[in-house]
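See below for the structure under consideration.
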Amino acid sequence: MHQITIKKTPIKLGQFLKMADLVQDGFEAKIRIQEGEVTVNGETETRRGRQLEAGDIVAYGGQEFLICEEP
């Protein structure tokens with residue numbers, strides 16, 4: 001599992017995918033999310049506006065990412 005540290009939570013799922021360089025742009029993030037390729041905390045998520053908090057686990061492309069917030 002990879003840890004991704006962000007400055008401030010919450011962060012939208014689509015923004016997180018872009019920030020973590022998992023997708024090239026917002027359009028690709030939208031497609032991947034709508035196609036059901038992304039899970040949050042073990043459940044398929046189809047809303048790119050889903051608010052993520054520290055401690056959430058995002059899975060995409062066979063990898064898992066733990067969201068951490070800077071202290």
Side-chain angles (χ1 to χ4, degrees):
M1 181 178 308
H2 307 279
Q3 288 189 354
I4 304 290
T5 302
I6 59 175
K7 291 182 181 180
K8 183 179 176 186
T9 57
I11 184 171
K12 292 180 181 177
L13 179 57
Q15 292 173 327
F16 172 78
L17 293 176
K18 291 187 295 183
M19 184 211 66
D21 290 327
L22 300 174
V23 296
Q24 293 182 3
D25 54 32
F27 180 73
E28 184 181 359
K30 177 181 177 179
I31 297 299
R32 301 294 175 224
I33 293 167
Q34 288 180 343
E35 293 292 321
E37 297 178 29
V38 180
T39 64
V40 176
N41 299 327
E43 296 187 18
T44 301
E45 182 57 68
T46 58
R47 300 170 294 158
R48 68 179 175 165
R50 161 77 186 261
Q51 298 289 312
L52 302 174
E53 298 286 343
D56 284 342
I57 297 173
V58 176
Y60 173 71
Q63 299 181 48
E64 290 186 331
F65 304 88
L66 173 64
I67 298 175
C68 301
E69 187 173 12
E70 287 183 359

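Predicted model only: the values in this text are computed from it and were never measured.
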query = Looking at residues at least two apart in the chain, or sitting in another chain, which of them share a salt bridge (Lys or Arg N to Asp or Glu O under 4.0 Å) with E64?
reply =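 E64 satisfies salt bridge (Lys or Arg N to Asp or Glu O under 4.0 Å) with no residue once adjacent residues are dropped.
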message = Restricting to salt bridge (Lys or Arg N to Asp or Glu O under 4.0 Å), what partner residues turn up for E37, sequence neighbours left out?
response =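 With neighbours one apart ignored, the set is R32.
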ask   = Is it the case that more than 12 heavy atoms not belonging to E70 sit under 6.0 Å from its CD atom?
value =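 Atom CD in E70 is packed in, count exceeds 12.
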request  = Give a yes or no on this: more than 12 heavy atoms of other residues, nucleotides or ligands lie within 6.0 Å of atom CD of E53.
outcome  =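 Counting neighbours around CD of E53, more than 12 heavy atoms of other residues, nucleotides or ligands fall under 6.0 Å, so yes.
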Quiz: residues 3-19 side-chain donor-acceptor pairs under 3.5 angstrom, not counting sequence neighbours:
| residue | atom | partner | partner atom | Å |
| --- | --- | --- | --- | --- |
| T9 | OG1 | E69 | OE1 | 3.0 |
| Q15 | OE1 | K12 | N | 3.4 |

key: Flag side-chain contact, heavy atom, 4.5 Å: E45 against R47   =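 In contact.
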ask   = If you round to the nearest 0.5 Å, how far is CD1 of I57 from CG of L52?
value =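 If we round to the nearest 0.5 Å, L52:CG and I57:CD1 are 11.5 Å apart.
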key: Distance (rounded to the nearest 0.5 Å) between R50 CZ and I33 CD1   =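 If I round to the nearest 0.5 Å, the distance is 11.0 Å.
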inquiry  = Please give me the minimum heavy-atom distance between V23 and A29, naming the atom from each residue.
reply    =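 Distance-wise, the nearest heavy atoms are CG2-CB, 3.8 Å.
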